[in-house]
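Whatever order the structure lists them in is the order used to number ligands and atoms, beginning at 1. Here, residue 1 is the first one in the sequence, and each next residue gets the next number. Reckoned from all heavy atoms, side chains included, excluding hydrogens, waters and symmetry mates.
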Amino acid sequence: MEEKTFSRPAASATVLVGTQFGDEGKGKLVDYLSDKYDIVVRYQGGANAGHTICFDGKTVVLHLIPSGIFNKDCICVIGNGVVIDPNALMEEIQKVEELGYDVKGRLFISHNAHLIMPYHKRLDSLSESSLSGEQKIGTTGRGIGPSYEDKFARHGIRVVDLLSPKVLEEKLRDNIAAKNKLICKVYEKEEIDVDAIIGEYEAFDKEIDPYVTNTQLYLNRQIKAGKTVLLEGAQGCLLDVDHGTYPFVTSSNPTSGGACTGSGVAPNHIGKIIGVCKAYMTRVGNGDFPTELDDEIGEALGRIGCEFGATTGRKRRCGWLDLVALRYSLVISGVTELALTKLDVLDTFEEIKVCTSYMLDGKEIHDFPTEHQTLSRVQPVYKSLKGWMASNSKAKSFDEMHPNAQAYVTFLEEAVGVPVTFISVGPGRDETVFK
Ligand code: GDP
Ligand code: IMO
Ligand code: MG
């Protein structure tokens with residue numbers, strides 16, 4: 001029987017989004033798919049993301065560089081919607097080069113992307129420590145929220161400013177003067193030394209210059225020339241600042257709409273929207289999580305799935321797959337096909353539960369409430385499915401998978417009304433079944 005593969009997409013652009021609370025395995029999927037696309041673009045978030053790629057016996061975590069970088073024919077773009085910490089970026093470029101991959105000439109950075117400065121990280125941590133236990137977001141501490149605050153308040157500093165030392169100095173002096181008022185008067189902490197920051201960041205102009213371009217125009221010209229683009233989301237739909245479990249969210253739009261604003265690729269170029277979904281669920285940081293398991297099953301999911309944050313190393317909270325939340329994410333992002341990941345983590349479970357609806361005040365509900373005051377009160381209703389108690393890691397096709405694993409996938413497809421196209425049964429590139 002001929003092995004099925006993912007064919008080159010007809011429309012120019014595909015968006016790949018996380019459908020849960022992040023860490024669904026987006027990095028693995030983007031790396032796996034990158035040989036089908038000419039360009040991979042990150043469109044939002046920053047170094048809060050940790051996208052893990054396993055290939056040739058190596059495990060690499062990328063925070064800013066798109067996950068197509070380990071495919072030598074693929075061009076990578078950091079779009080205007082990303083917030084860039086220049087130190088983190090330079091470190092990452094060096095890491096990729098040390099692995100034997102060229103970055104210069106293959107990575108382009110939007111001149112319009114905003115920067116993360118040391119005072120953003122400081123404010124991120126001061127803001128978190130000023131909140132009481134229940135209110136803490138549990139951010140990654142990477143300065144994401146404060147940098148987006150400056151962007152939307154229209155006094156942010158952008159990549160293009162790094163290339164003009166005079167402009168950079170002026171903007172840094174203005175920004176730091178304002179931040180120091182906040183840091184000293186509100187948080188009652190020590191001032192930030194403006195001259196040290198100017199000295200440090202002025203030096204980035206030569207380092208970053210070779211990568212900087214108008215990526216919005218570049219992408220549109222490439223699309224016009226017939227090239228294909230994969231837009232790589234960070235985080236997940238339920239962490240979206242507009243559509244997620246606000247305020248326990250990140251400060252950008254991981255949903256597919258964010259792919260257009262964060263890259264300059266217009267919606268009419270987008271054909272497929274791939275939703276990445278773990279076969280169970282995890283969340284790192286605070287916020288509601290109706291199917292969270294605070295028992296030995298949750299502990300087993302975390303242990304078998306190695307659920308520790310790829311950016312902060314924090315233990316991820318674990319629970320059963322939540323179809324109420326998933327259906328919501330699929331609608332908001334217009335997902336056309338699903339990539340189901342980490343199915344192998346369920347290999348040893350005799351019984352697998354899936355949440356199909358919630359109970360709220362004695363009534364069954366099927367719609368996902370995003371507001372904390374409601375979501376914190378729902379009780380999951382579960383359907384129990386038979387485990388397969390076997391490994392599918394050698395399966396080359398869906399038909400070769402254990403019948404109970406097939407039944408699980410088919411149940412999921414029918415319950416959400418979106419086909420599953422990829423099934424990931426291990427972290428490696430080759431541990432992927434195309435259905
Ligand atoms: P991302 O942020 O969505 O890219 O996901 P992370 O990299 O933060 O977390 C996913 C973790 O699961 C990483 O350690 C991956 O190497 C791993 N992973 C991805 N797919 C699979 C899979 O199908 N099975 C197993 N066991 N691990 C996987
Ligand atoms: P990837 O791309 C999982 C979570 C944080 C916190 C909230 C806000 O690897 O899936 P932030 O630092 O963004 O202000 O934190 O969002 N968070 C993530 N959780 N995966 C991520 O990225 C995340 N990026 C941010 O834990 O709850
Ligand atoms: Mg991650």
Side-chain angles (χ1 to χ4, degrees), residues 16-32 42-55 58-64 66-67 82-83 85 116 120-121 123-125 127-128 136-149 232-241 244-252 254 275-289 301 303-317 339-347 391-393 422-433:
L16 180 140
V17 294
T19 60
Q20 297 161 324
F21 293 109
D23 305 326
E24 298 89 350
K26 300 175 291 294
K28 169 189 160 154
L29 253 293
V30 171
D31 168 67
Y32 170 77
R42 261 289 296 277
Y43 60 84
Q44 45 69 234
N48 49 350
H51 294 184
T52 314
I53 299 162
C54 302
F55 64 103
K58 293 186 270 281
T59 296
V60 188
V61 180
L62 294 172
H63 303 284
L64 282 164
S67 304
V82 176
V83 281
D85 175 343
I116 297 196
H120 292 130
K121 290 196 233 176
L123 287 167
D124 193 352
S125 99
S127 159
E128 277 286 273
K136 283 190 202 298
I137 312 279
T139 72
T140 59
R142 297 299 187 268
I144 305 297
S147 175
Y148 279 115
E149 275 178 45
E232 173 180 5
Q235 291 83 52
C237 295
L238 303 176
L239 290 176
D240 186 286
V241 68
T245 56
Y246 190 90
F248 301 100
V249 292
T250 191
S251 300
S252 65
V276 187
C277 171
K278 230 180 249 191
Y280 51 99
M281 215 146 156
T282 61
R283 179 165 200 166
V284 60
N286 298 337
D288 296 307
F289 181 0
L301 288 169
R303 180 169 33 81
I304 302 167
C306 304
E307 296 295 354
F308 291 91
T311 295
T312 58
R314 289 178 293 177
K315 203 170 179 206
R316 295 173 180 155
R317 301 152 64 192
L340 184 64
T341 59
K342 303 192 88 159
L343 192 72
D344 54 301
V345 175
L346 301 181
D347 284 353
S391 168
N392 293 292
S393 66
F422 309 92
I423 303 161
S424 178
V425 290
R429 272 179 191 162
D430 51 349
E431 293 169 299
T432 313
V433 175

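Heavy-atom proximity to F21, at under 4.0 Å, picks out these atoms of ligand 2: 3 (C), 19 (N). The ligand atoms of ligand 2 that sit less than 4.0 angstrom from a heavy atom of V249 are 7 (C), 8 (C). The atoms of ligand 2 that sit less than 4.0 Å from any heavy atom of A234 are 2 (O). For ligand 2, the atoms closer than 4.0 angstrom to any heavy atom of I137 are 8 (C), 27 (O). Atoms of ligand 2 lying under 4.0 Å from any heavy atom of R314, numbered from 1 in the order shown and given with element: 5 (C), 26 (O). Distances below 4.0 Å separate heavy atoms of K28 from the following atoms of ligand 1: 20 (N). Those atoms of ligand 2 that come under 4.0 Å of a heavy atom in V284, given as number and element, are 3 (C), 5 (C), 19 (N), 26 (O), 27 (O). Counting the atoms of ligand 1 from 1 in the order shown, those under 4.0 Å from a heavy atom of H51 are 1 (P), 2 (O), 4 (O), 7 (O). Residue C54 approaches ligand 1 through these ligand atoms, each under 4.0 Å from one of its heavy atoms: 16 (O). Each of the atoms 1 (P), 2 (O), 9 (O), 22 (O) of ligand 2 lies under 4.0 Å from some heavy atom of A49.
Here the heavy atom of the protein found nearest to atom 26 (N) of ligand 1 is D344 OD2, 2.7 Å. The protein heavy-atom contact nearest to atom 15 (O) of ligand 2 is T139 CA, 3.3 Å. Protein heavy atom closest to atom 13 (O) of ligand 2, with residue, atom name and distance, is T250 OG1, 2.6 Å. The nearest protein atom to atom 15 (C) of ligand 1, hydrogens excluded, is given as T52 CB, 3.9 Å; this is a heavy-atom distance. Looking only at protein heavy atoms, the nearest one to atom 23 (O) of ligand 1 is S424 OG, 2.5 Å. Ranking protein heavy atoms by distance to atom 12 (O) of ligand 2, first place goes to T140 OG1, 2.6 Å. What sits closest to atom 3 (C) of ligand 2 on the protein, heavy atoms only, is D23 OD2, 3.2 Å. Ranking the protein heavy atoms by distance from atom 17 (C) of ligand 1 puts K342 NZ, 3.9 Å first. Looking from atom 10 (C) of ligand 1 to the surrounding protein, the closest heavy atom is D23 O, 3.9 Å.
Under the 4.0 Å criterion applied to side-chain N and carboxylate O atoms, K342 and E431 are not assigned as salt-bridge partners. Ion pairing of R314 with E307 is absent here, as no side-chain N (NZ or NE/NH1/NH2) approaches a carboxylate O to less than 4.0 Å. No salt bridge links D288 with R283; every basic N to acidic carboxylate O contact stays at or beyond 4.0 Å. For the pair R316 and D23, the salt-bridge criterion is met [side-chain N within less than 4.0 Å of a carboxylate O].
Ligand 2 has at least one atom lying under 4.0 Å from a heavy atom of G138. Contact annotation: G50 has at least one heavy atom less than 4.0 Å from an atom of ligand 2. Within the 4.0 Å heavy-atom cutoff, T311 does not count among the residues contacting ligand 2.
No donor-acceptor pair closer than 3.5 Å links the side chain of E128 to the backbone N or O of K136. Here the side chain of T19 pairs no donor or acceptor atom with the backbone of G275 at under 3.5 angstrom. With hydrogens and angles disregarded, no donor-acceptor distance shorter than 3.5 Å links the side chain of Y280 to the backbone of V345.
Taking both residues in full, the closest heavy atoms of S67 and L62 are given as CA-CD1, 3.8 Å, listed atom of the first, atom of the second, then distance.
Rounded to the nearest 0.5 angstrom, S424 OG and D344 CG are separated by 7.0 Å. Atom CG of D347 and atom OG of S393 lie 7.5 Å apart (nearest 0.5 Å). For the atom pair R317 CZ and L301 CG, the distance stands at 14.0 Å (nearest 0.5 Å). To the nearest 0.5 angstrom, I144 atom CD1 is 8.0 Å from S251 atom OG.
With a 6.0 Å cutoff to the six-membered ring centre and a 45° limit on the axis angle, R429 does not count as a cation-pi contact of Y32.
Contact annotation: for F248 versus ligand 2, there are no heavy atoms closer than 4.0 Å. Neither the backbone nor the side chain of R283 has any atom closer than 4.0 Å to an atom of ligand 2 (non-hydrogen atoms only). Residue K26 touches ligand 2 through its side chain alone, judged by heavy-atom distances below 4.0 Å. Contact annotation: for D124 versus ligand 2, there are no heavy atoms closer than 4.0 Å. Only backbone heavy atoms of V425 (N, CA, C or O) come within less than 4.0 Å of ligand 1; its side chain stays farther off. Using a 4.0 Å cut-off between heavy atoms, S67 makes no contact with ligand 1 at all.
Side-chain contact between L238 and M281: present, with at least one pair of heavy atoms (C-beta onward) separated by less than 4.5 Å.
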task = Test side-chain hydrogen bond (donor to acceptor under 3.5 Å, both in side chains) on T250 and N48 and set out the steps.
result = CA-CA 9 Å; T250 191; N48 49 350; 3.3 Å; yes
task = Test side-chain hydrogen bond (donor to acceptor under 3.5 Å, both in side chains) on H120 and E149 and set out the steps.
result = CA-CA 9 Å; H120 292 130; E149 275 178 45; over 6 Å; no
task = Let me see the working for T432 and K28 under side-chain hydrogen bond (donor to acceptor under 3.5 Å, both in side chains), right down to the final yes or no.
result = CA-CA 10 Å; T432 313; K28 169 189 160 154; 2.9 Å; yes
request  = Apply side-chain hydrogen bond (donor to acceptor under 3.5 Å, both in side chains) to the pair R142 and T140, showing each step before the final yes or no.
outcome  = CA-CA 5 Å; R142 297 299 187 268; T140 59; 5.2 Å; no
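Of all the listed residues (G305, G27, G50), G50 holds the heavy atom that lies closest to atom 2 (O) of ligand 1. Looking at G25, G22, C306, A234 and measuring to atom 5 (O) of ligand 1, the nearest heavy atom belongs to G25. With atom 21 (C) of ligand 2 as the reference point, the heavy atom nearest to it among Q235, E232, H63 is part of Q235. Atom 9 (O) of ligand 1 has its nearest heavy-atom neighbour, among E24, R316, K26, in R316. Distances from atom 18 (C) of ligand 2 to the heavy atoms of T282, N48, T312, L239 show the closest one on L239.
Of the candidates Q44, H51, R42, E232 forms a side chain to side chain donor-acceptor pair (under 3.5 Å) with just one, namely H51.
Residues satisfying the side chain to side chain contact (heavy atoms under 4.5 Å, CB included) test with T52, not counting sequence neighbours, are C54, T59, V61, A310.
The N/O atoms of S251, backbone and side chain alike, include none that comes under 3.5 Å of an N/O atom in ligand 2. Any N or O atom pair closer than 3.5 Å counts here, and L343 shares no such pair with ligand 1. At a 3.5 angstrom cut-off on N or O pairs, H51 counts as close to ligand 2.
Protein N/O/S atoms found under 2.8 Å from the Mg ion (ligand 3), listed by chain and residue number: D23 OD1, G50 O.
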